[in-house]
Structure formats: C-alpha cells, structure tokens
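Everything on this sheet refers to the single structure shown next.
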Amino acid sequence: MIGPVPGVAVALGALLVLAAYYRFRADSPPTSYADGGIVTPKIGLTTTEKPSGLLRWLTTVDHKDIGLLYILFGTAAALWGATDGMMMRTELLVADTTVWNVETYNAVFTTHGLTMLFFFVTPVFTGIANYMLPLLLDADDLSFPRINAIAFWLLPPSLLMVRGGLITDVVGTVVGLLPLEIAALTALEPVAMGWTMYTPLSVEMTNPQIDVTLLGLHLSGIATTMAAINFIVTIFTERPDDLGWDELDIFSWNMLVTSGIILLAFPLLGSTIILLLLDRNFGTAFFAIEGGGPMLWQHLFWFFGHPEVYILVLPAFGLISFMLPKFCGRRLFGFRFIVYSTIAIGVMSFGVWAHHMFATGMDPRLRASFMAVSLAIAIPSAIKEFNWIATMWNGRLRLTAPLICVIGAMSTFVVGGITGVFLAAVPVDLVLHDTHYVVGHFHLIVVGIIPLAMFAASYYWFPILTGRMYNRRLARVQATLLVVGAFVTFVPLLVLGYLGMPRRYGVYPAEFVPLNQVASIGAFILGVSLVLWLVNMIQSARVGTIVDDADVWNLKETDQFTREWQWFEKRLAERRSERPDPDEEP
C-alpha cells in the first residue's frame, strides 16, 4: 500500500527534470536555420539572436512571437469555452436534465462565459494587434517589449485559476483510483455562481475555488491593462513623422480607443473583485444589506461590464473597416466619420451600464436617463454599418473567404444591433429581461461579428503569418457555414425569448423543445465550421503553397498595398537574395 506522496517530493522531482532538460540543452550544438541564421544556446544581454526551440518561445520579447502566442492561447481558450457551449446546447436538446445534471450545467454556464469573455476574445485581438500594429506603424516593436511578454505570461496561470475547479475535479477523479491522498483536489469544486458573479450568491457559496477564480480574473485584468498601456504608448510615440493622425489606419484607431476603455474599466473590475474577496473571507459588508447591498455589486460590475462589450467588439469593427475596402476595390467611405463614431462609442460606453438593471426596481428617473444614452449609442454603431454598405456600393466585390466573413459579420451585426435597441427601451426590457431573447441578441454579436472578423483576419493575413497560402475553397465553405450556423443557432433564441423562456436554466417547459433543438443543430454547424477552420489553418501552415509574391490580394491595383504588406514584400525579397543561385557553380 502506497502512502500519500508529499508535495515537496513532487516539486523536487519536477525541478530535477527541468534541470536535466536544460543541462542537455546546454550541451547541444548551435542550431542553424534555412534562412542562413545561426542560433547559439548561450543567451546574453548583448546578443540579438533568438534561442531555438521551446526556450525561444518562453523568453521571446519579439512582438510577432508574442502576437502568435496570444493568438494560440486565445484559440485554445476558445476551444475550451466552445466545449462548454456545446455541453449546454446538448443538455438543452431535451426539456429535462437527462444528459448532465443541474450542477454540471451551472458550472459549464459559468466557465463558458468567463472563458470566452476574458480569455478568448480579448487575447486574440491583443495578439492580432501585437503582430500588426508595429508593422502598420512602421515601428520596430511595441514601446515596452518586456512588459508585453509579462502581460502574456500572466494569462495562462489566470486561465488555470479560473477553470481550476474543473481541472482539479477531473484530476481528482483519475487520481482517486490510486492509493493517494486527494483531499486538496476534491475540495476545489467547479464554480457555479454564474459569470456575472452576482451577490449575495457569490458571497455565501462556500466553495474555495471561487476565491481562486476571483484571483485569476484579477490577474487577467492586470495583464489586459498592461497590454492596453503598451498599445497606447506605442501608437502615440512610435509613429513615424510622416504618419499623422489623419493618416493613421482605422484598425490602429480602434485599438487605441479600445485600450483607452480598458484603462478605465478593468482597474474598476479588479477593485470590485477585491471587495468581493474581502466580503467572502474577512467578514466585511461591502455587498451585504447593511453595506452597499447587492445593487452596489451590479452597479460596479456593469460599469465595467458594458464597456467590456465594446472592448470586445471595437477591434472587430476596426478589422472590418480595414479589410472591407481591400475586397471592394474602393477606399473606405467616410473614414473620418467612422473614426469619430469609434471615439463616440468609447465615451458613451461608460454611460449605459444600468440598462442591465432596469428590472431591479431602480429609480424611474435614472432608468429614463440610461435608456436615452443606450438608444443614443446605437447612432455611432449605425454610422459604421451604413458606411460599410456605402463602401460596397458600386464596388468590384471579390467573394474571397475574408469578404464572406466580413459580409456575414455585417449581417449578424444588423440583427444583433437592432435587437439591442429594443432592449434599451425600458418597457420592452422589463418584458424580455432574463429571457433567451437577451442570449440571442448578445451572441449574435459575440458569436457573429467578433469571430467572423477574427476568421477574416486569419485568412487575410495568413500569408504574412506563415509565408504560405491556405485552401481557398475550403475557407469559403467554412465562412459560409459559420454565417449560417450563427443565424440558425441564435435567431431561434430571439423567438424563445418572445415566448417567455427564461435564460440560465437547464430545465424548461416541453413546449420550447423544438426551437431549442433547432438552436442546438445550429450550434453543431458552428462546431463543424470551427473544425474546418482548424484543419485548414494547420494543414496550410504545414504544406500550403509557398507565397513568392507579396501582393496576394492584388492590392497594388487599387493603391491599398498597406505597410504590413510592404514589410512582407521586403521580407520575401531578403529571403530571395539569401537563396543560392542555382546557375552558380559550387
């Protein structure tokens, strides 16, 4: 019978393995690359060479490398969060809890929301900006490369802390088959408080994993704020003299406004989480009835939460505005008005938070003021949509995969945006609040325009990222499936909301089964689309056609061969110059 294994022994064993690995690496010969470069295993403060292998990715401060790390991390988090979503849609195929139990449904509901909002969307857009912003600004790197690396490496432990309850639950189940002590693992149960973490539930639940989750969210907020500061300083200080504000590209403008919102919103979330931790562990009364009450939590959370929606969607707007003209053969219509609308959204986003609280019994005069601002913020969003349509008008459209994604994003934004206008009206919201109508509206944005903009960017810049070209036919099929899947999944939820089906429940009346089954079929279509994208990206990065001409999208014809493609053209020219001449005698 084997006794409990001490944690010190496990830690010492892990350290010995790491020491043996690095000892082996130190004795290995220098690594040569196809481009002629030589990388030595020694790292010094004065060398400009990158180490090879795993050590390169663990120590890099190159904005391109860190951008790829962000994108890979966000993609992994998206797959994990999407698995939660598939589990929920599988449960909702039937009216009763016949697939999972209620506790599992509540847990995956919580982790799905936290994972997708904090660890999927923002990291992926941060990764795209990491890679592309310096190229678009003609800068060598971001202003603070080491802070940039630190900001990324705070995210993986944050994700593990937030999802730790599920991890320890699975590991505990496996280890429980062995004669080992696992009490510490089984004590941390998956969190099931809902992604909004409303009090008093989040205060009174005794699961210690909630404290770990809150600390993980706080850590991710610090990382996001660090990245935002880096982007702001870079855009202000790293631009060349000939690149004025009137010539700054639209994606950089959107990232600048997004970073400004982050700078004001995320520190508040961190402070609010600290107050919740104090209530849970030290007997304070910030969110108790005798203190600020549960309403205080909602005000503080949504003062962050609604600007967070624009933190998620403004980079997508920027990508659409940036890529759409490239495939229409025209300049972006109303460039300055789109910039002004972006700034207006950033400012107004901090004046609409309480429309999430219309049903709480708040003062009617406050409800009226928040309703007015919530309706008004639809105006700058509509400006973008109409300017995009005007950009397409009489354009020479090329139905490539990026353009299909962009048009699909514009379409989902129309439905998702208009349904949001309805929810901004107090009388309508009082009827539809906490129904599946809200879920349909929100997900037409976060599973419509945002992923479609990401996929469009992945196709548009794939040659720069990999030096190869993807399977274009498969990409068009994947993009079409994603648009169809988004509408099939979330439009039925709007109807379910009108019929009165409440959200957040895994059990529901039987009359809602048919529409829920349609929505679940749509979710499976989304899953197939995601798998097709993964296969295309991985296979094309491995064996795709090598790109020799940087103008893969014929952008020079319309004078839209922007700075990042000019950088790519120079890089290809350098590689060609380094290749040996086949006619030269050895």
Side-chain angles (χ1 to χ4, degrees), residues 4-8 10-11 14 73-74 76-81 83-84 87 103-120 122-123 150-176 180-226 266-284 286-287 297 300-301 304-305 308:
V5 178
V8 175
V10 175
F73 171 81
L79 294 174
W80 203 349
T83 302
D84 295 335
M87 291 175 67
E103 291 76 14
T104 301
Y105 184 88
N106 291 338
V108 297
F109 166 79
T110 301
T111 53
H112 170 72
L114 295 176
T115 301
M116 295 307 238
L117 291 179
F118 291 95
F119 301 103
F120 160 44
T122 302
I150 293 170
F152 169 75
W153 287 109
L154 289 178
L155 286 177
S158 302
L159 177 61
L160 295 179
M161 291 171 72
V162 169
R163 303 210 51 141
L166 177 62
I167 298 171
T168 55
D169 191 43
V170 172
V171 174
T173 301
V174 174
V175 177
L180 301 174
E181 182 65 40
I182 59 169
L185 294 176
T186 56
L188 299 176
E189 301 173 356
V191 292
M193 57 183 171
W195 72 270
T196 55
M197 301 171 281
Y198 278 168
T199 60
L201 179 64
S202 57
V203 175
E204 295 175 353
M205 295 184 77
T206 58
N207 181 8
Q209 173 58 34
I210 294 178
D211 298 321
V212 181
T213 295
L214 293 174
L215 289 171
L217 292 175
H218 190 38
L219 196 62
S220 73
I222 294 172
T224 304
T225 305
M226 293 167 68
F266 267 88
L268 176 71
L269 175 67
S271 303
T272 307
I273 287 174
I274 293 298
L275 298 182
L276 181 56
L277 283 167
L278 292 174
D279 272 13
R280 283 182 53 83
N281 296 282
F282 296 98
T284 54
F286 293 108
F287 304 116
W297 170 266
L300 293 174
F301 179 83
F304 151 81
E308 164 69 0

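Residue L159 holds its CG atom at 4.5 Å from CZ of F73, rounded to the nearest 0.5 Å. The CG atom of L214 lies 9.5 Å from the CD atom of Q209; values are rounded to the nearest 0.5 Å. Taking CD1 of I273 as the start and CG of L268 as the end, the distance is 10.0 Å to the nearest 0.5 Å. One finds the OG atom of S202 at 10.0 Å from the CG atom of L277 (value rounded to the nearest 0.5 Å). Distance check, rounded to the nearest 0.5 Å: CG of L269 to CG of L300 gives 10.0 Å. With values rounded to the nearest 0.5 angstrom, E204 atom CD is found 14.0 Å from M193 atom CE.
Taking both residues in full, the closest heavy atoms of T115 and A77 are given as CG2-O, 3.3 Å, listed atom of the first, atom of the second, then distance. The two residues A192 and N106 have their closest heavy-atom pair at CB-CB, 3.7 Å. The minimum heavy-atom distance linking F120 with G74 is given by the pair CD1-O, 3.5 Å. In this structure, L219 and M161 approach most closely via the heavy-atom pair CD2-SD, 4.4 Å. Considering every non-hydrogen atom in both G81 and M116, the closest pair reads CA-SD, 3.8 Å.
Side-chain contact check for T284 versus L275: every heavy-atom pair is 4.5 Å or farther apart. Between F266 and E308 the shortest side-chain heavy-atom distance falls below 4.5 Å. A 4.5 Å side-chain heavy-atom check between T272 and M197 finds every atom pair outside the cut-off. Between S220 and L154, the closest side-chain pair of non-hydrogen atoms is not below 4.5 Å.
At least one donor-acceptor pair closer than 3.5 Å links the side chain of R280 to the backbone N or O of M205. Between the side chain of D279 and the backbone N or O of F287 there is at least one donor-acceptor pair closer than 3.5 Å. Not one N or O on the side chain of W297 forms a donor-acceptor pair closer than 3.5 Å with the backbone of L276.
Ring pair F301/F304 is perpendicular by interplanar angle, where above 60° counts as perpendicular and below 30° as parallel.
When each of T111, T213, L215, T110 is checked for a side-chain contact (heavy atoms from CB on, under 4.5 Å) with V162, only T213 meets the rule.
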